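As structure tokens, the structure follows; a few thoughts come after it.
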Amino acid sequence: QVQLVESGGGLVQAGGSLRLACVASGRSFSTYAMGWFRQAPGKEREFVAAISSSGLNTIYVDSVKGRFTISRDNAKNTVYLQMSSLKPEDTAVYSCAASYGGSRLPNEYAYWGQGTQVTVSS
């Protein structure tokens, strides 16, 4: 069992930056691939980024490549999402999730956090 708690969301102007953090409970954090997903009002949940259990491999949705960076610190049981050059269309609730495989598919993730709101004003 893994419990995930996100933080770092907020209101930022377009072009600004935020860093999200997701802290996991439990002793097996380093065995999970971790992902970030987002959901805007009236839209389906969207994959944003994922990182392998070792941190050596990452994948991103095309719309955030070059602007967002996913990273992890296994000693702190934490995964991060550094977001830069934010756009109004990045506005959403961002959630982290844990998976043994790690992919773009939400149904491959077994554990989810509650999410943190990110609002980007124009």
Side-chain angles (χ1 to χ4, degrees):
Q1 189 79 8
V2 176
Q3 291 186 326
L4 304 172
V5 179
E6 302 95 337
S7 64
L11 174 64
V12 63
Q13 288 188 333
S17 299
L18 283 174
R19 187 176 80 156
L20 306 183
C22 170
V23 179
S25 64
R27 295 176 293 176
S28 57
F29 176 76
S30 62
T31 67
Y32 290 98
M34 299 296 296
W36 283 98
F37 292 79
R38 64 187 180 186
Q39 189 166 21
K43 295 188 176 181
E44 291 187 355
R45 179 179 285 167
E46 177 188 33
F47 168 79
V48 177
I51 188 167
S52 62
S53 57
S54 66
L56 293 179
N57 299 299
T58 58
I59 54 174
Y60 298 90
V61 67
D62 285 348
S63 61
V64 308
K65 284 181 180 178
R67 300 189 298 122
F68 291 11
T69 301
I70 189 171
S71 62
R72 66 189 297 159
D73 184 340
N74 285 344
K76 296 182 178 179
N77 281 11
T78 303
V79 62
Y80 303 97
L81 186 67
Q82 177 68 49
M83 306 185 295
S84 302
S85 301
L86 283 161
K87 304 175 181 180
E89 52 263 44
D90 294 318
T91 295
V93 174
Y94 284 71
S95 300
C96 65
S99 165
Y100 282 117
S103 76
R104 302 170 184 267
L105 303 176
N107 61 8
E108 293 193 4
Y109 288 78
Y111 304 104
W112 291 83
Q114 293 294 315
T116 185
Q117 176 71 46
V118 171
T119 303
V120 184
S121 63
S122 57

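The chain is numbered in sequence order, starting from 1. On a predicted model such as this, the values are computed, not experimentally measured, just so you know.
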Next on the checklist: side chain to side chain contact (heavy atoms under 4.5 Å, CB included) for V12 and T119? Distances and angles first, verdict last.
Outcome noted: CA-CA 6 Å; V12 63; T119 303; over 6 Å; no
Checklist entry - Run the side chain to side chain contact (heavy atoms under 4.5 Å, CB included) check on I70 and V79 step by step: do they pass? => result CA-CA 7 Å; I70 189 171; V79 62; 4.0 Å; yes
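Between S52 and L56, the closest heavy-atom pair is OG-N, 3.3 Å. In this structure, I59 and S103 approach most closely via the heavy-atom pair CD1-C, 4.3 Å. Contact detail for S85 and S17: the closest heavy-atom pair is N-OG, 4.3 Å.
You'll find the side chain of S53 stays beyond 4.5 Å of the side chain of S30, heavy atoms only. In this structure, L4 and V23 have side chains that are not in contact, with every pair of non-hydrogen atoms separated by 4.5 Å or more. In this structure, L20 and T116 have side chains that are in contact, with non-hydrogen atoms separated by less than 4.5 Å. Using a 4.5 Å cut-off on side-chain heavy atoms (C-beta onward), T91 and V118 make no contact.
In this view, K65 and D62 satisfy the salt bridge (charged side-chain N to carboxylate O under 4.0 Å, His left out) rule, not counting sequence neighbours. Under the rule for a salt bridge (charged side-chain N to carboxylate O under 4.0 Å, His left out), the partners of R67 that lie at least two apart in sequence or sit in another chain are D90. With sequence neighbours excluded, the residues forming a ring pair (Phe, Tyr, Trp, His ring centres under 6.0 Å) with F37 are F47, Y109, W112, listed by chain and number. Under the rule for a salt bridge (charged side-chain N to carboxylate O under 4.0 Å, His left out), the partners of E46 that lie at least two apart in sequence or sit in another chain are R38.
Taken to the nearest 0.5 Å, the CZ atom of R45 stands 6.0 Å off from the OG atom of S95. Rounding to the nearest 0.5 Å places OG1 of T69 at 11.5 Å from CZ of R19. A distance of 6.0 Å separates CD of E108 from OG of S99, quoted to the nearest 0.5 Å. Interatomic distance, CZ of R72 versus OG1 of T58, reported as 12.0 Å (0.5 Å rounding). Here the OG atom belonging to S122 is positioned 10.0 Å from the CD atom belonging to E89, to the nearest 0.5 angstrom. For the atom pair M83 CE and W36 CH2, the distance stands at 8.0 Å (nearest 0.5 Å).
Environment of CD in Q114: sparse, with no more than 12 heavy atoms of neighbouring residues, nucleotides or ligands closer than 6.0 Å. In Q3, the CD atom is not crowded: 12 or fewer heavy atoms of neighbouring residues, nucleotides or ligands sit closer than 6.0 Å.
Remark: side-chain polar atoms of N77 are paired, donor with acceptor, to backbone N or O of A24 under 3.5 angstrom. Side chain of T78 to main chain of K76: a donor-acceptor pair is present (N/O by atom type, distance under 3.5 Å, no hydrogens or angles).
The list of ring-ring contact (aromatic ring centres under 6.0 Å, His included) pairs with a residue in residues 60-97, not counting sequence neighbours, is empty. Legend: disulfide (SG to SG under 2.5 Å) pairs involving residues 62-122, not counting sequence neighbours, sorted by first then second residue: C22-C96.
Side-chain contact, Q13 with S121: no donor N or O sits under 3.5 Å from an acceptor N or O.
One hydrophobic cluster, built from ILVMFWY side chains closer than 4.5 Å, cannot hold both V61 and V93; they sit in different ones. Hydrophobic cluster membership is shared by V2 and Y100, with clusters built from Ile, Leu, Val, Met, Phe, Trp and Tyr side chains linked at under 4.5 angstrom.
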